[in-house]
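One structure below.
Naming convention: chains lettered A, B, ... in sequence-line order (proteins, then strands); numbering from 1 in each chain. Keep in mind that what you see is a predicted model, and the values were worked out from it rather than measured.
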2 protein chains.
Amino acid sequence: MSTSPSPASVLREQLARNLRAARQHAGLTQEQLAERSGLHQTYLSDIERGKRNVTLDVVERLAAALSVAPLALLAD
Amino acid sequence: MSTSPSPASVLREQLARNLRAARQHAGLTQEQLAERSGLHQTYLSDIERGKRNVTLDVVERLAAALSVAPLALLAD
DNA sequence: ATGTAGACTTAAGTCGACC
DNA sequence: AGGTCGACTTAAGTCTACA
């Protein structure tokens, strides 16, 4: 039943895209970003694939680790 | 180890301010917004006081209920 | 009409192992 | 180097009641 139960969280998708782009632009691997942000590599993998509904605190930690504005990770 | 207890979650504070402003601008009570968003009044109270670390899905539901862009609730 | 408290269920977030 | 699978702990989010 892949009738997509939830409206496909826009912000979650944006974060997935922007995070991966920002990380790669910074020349970091998921493991390196995991170290810097204090989050786990497995978790970052999920986020970059849009599988996780992260909290605002996590968005901030990622933004800080990448030296970008938090909103930049959520923008269109 | 850091003298700051908690990094003072910027996004959380922004959301608190913007949510209350947007809700009042729409002429809604917390209870009415609770109905529209499917969230609870007690929870909205906490969010508007910056006490809760909400997820992206909740931000979207609030934005939808208020007919504003999700990023508008997080902006400075 | 809002804020707070407490008990509760579910998912966020951690971690090690592996492909 | 990234993805996936589980098992686990903690906090997000629900709900009732009351000042």
Side-chain angles (χ1 to χ4, degrees), chain A residues 1-66 68 70-71 73-74, chain B residues 1-2 4-66 70-71 73-74:
Chain A
M1 345 264 267
S2 24
T3 0
S4 98
S6 35
S9 182
V10 182
L11 289 178
R12 202 189 299 198
E13 301 285 340
Q14 300 286 14
L15 176 62
R17 255 188 279 275
N18 294 330
L19 176 60
R20 177 158 290 182
R23 176 179 63 78
Q24 291 177 339
H25 185 263
L28 297 173
T29 66
Q30 287 181 351
E31 282 169 352
Q32 290 170 328
L33 180 56
E35 263 186 86
R36 288 200 187 189
S37 62
L39 298 168
H40 276 70
Q41 181 271 325
T42 57
Y43 190 44
L44 296 182
S45 174
D46 281 352
I47 296 174
E48 288 190 1
R49 296 174 70 78
K51 299 211 162 187
R52 292 290 194 143
N53 181 28
V54 308
T55 62
L56 295 183
D57 280 4
V58 166
V59 174
E60 281 190 28
R61 287 169 73 177
L62 291 171
L66 289 166
V68 298
L71 285 182
L73 292 180
L74 300 171
Chain B
M1 339 275 288
S2 72
S4 44
S6 33
S9 184
V10 182
L11 290 178
R12 204 189 298 198
E13 302 285 340
Q14 301 285 14
L15 176 62
R17 254 187 282 273
N18 294 329
L19 176 60
R20 177 158 291 182
R23 175 179 64 78
Q24 291 178 337
H25 185 263
L28 296 174
T29 66
Q30 288 181 352
E31 283 171 351
Q32 290 170 328
L33 180 56
E35 263 186 85
R36 286 199 188 190
S37 62
L39 299 168
H40 275 69
Q41 181 270 324
T42 58
Y43 190 44
L44 295 182
S45 173
D46 282 352
I47 296 174
E48 288 190 0
R49 296 175 72 78
K51 300 213 162 187
R52 292 289 194 145
N53 180 29
V54 308
T55 62
L56 296 183
D57 280 4
V58 166
V59 174
E60 283 190 28
R61 287 169 73 178
L62 291 171
L66 289 166
L71 286 182
L73 292 180
L74 301 171

Q.
Given 3.5 Å as the limit, does a donor-acceptor pair link the side chain of A:R52 with the main chain of A:Y43, or not?
A. no
Please state how far atom [atom1] in [X] lies from atom [atom2] in [N], giving the value in whole angstrom units.
X: B:E35; N: C:dA1; atom1: CD; atom2: C1'; answer: 14 Å
X: B:E48; N: C:dG3; atom1: CD; atom2: P; answer: 7 Å
X: A:E31; N: D:dG2; atom1: CD; atom2: P; answer: 7 Å

Q: Find the distance between CG (B:D46) and CG (B:N53) and round it off to the nearest 0.5 Å.
A: 12.5 Å
Q: Calculate, to the nearest 0.5 Å, the distance between atoms CG and OG1 belonging to B:L44 and B:T42 respectively.
A: 8.0 Å
Q) Are OP1 or OP2 of D:dG2 and a side-chain N or O of A:R23 less than 4.0 angstrom apart? A) yes
Q: For B:Q32 and for B:R49, locate the closest nucleotide of DNA chain C by heavy-atom distance; then report the residue assigned to the nucleotide nearer the 5' terminus.
A: B:Q32
Q) Do A:T55 and A:V58 come within less than 4.5 Å of each other through their side chains, counting heavy atoms only? A) yes
Q) Which letter, B, S or -, goes with each nucleotide of nucleotides 11-19 of chain D from 5' to 3', with contact meaning a protein heavy atom under 4.0 Å? A) -BBSBBB--
Q) Restricting to pairs with a member in residues 30-40 of chain A, which pass salt bridge (Lys or Arg N to Asp or Glu O under 4.0 Å), not counting sequence neighbours? A) none
(Q) Once salt bridge (charged side-chain N to carboxylate O under 4.0 Å, His left out) is applied, do any residues pair with B:R23, and if so which ones, sequence neighbours excluded? (A) B:E48
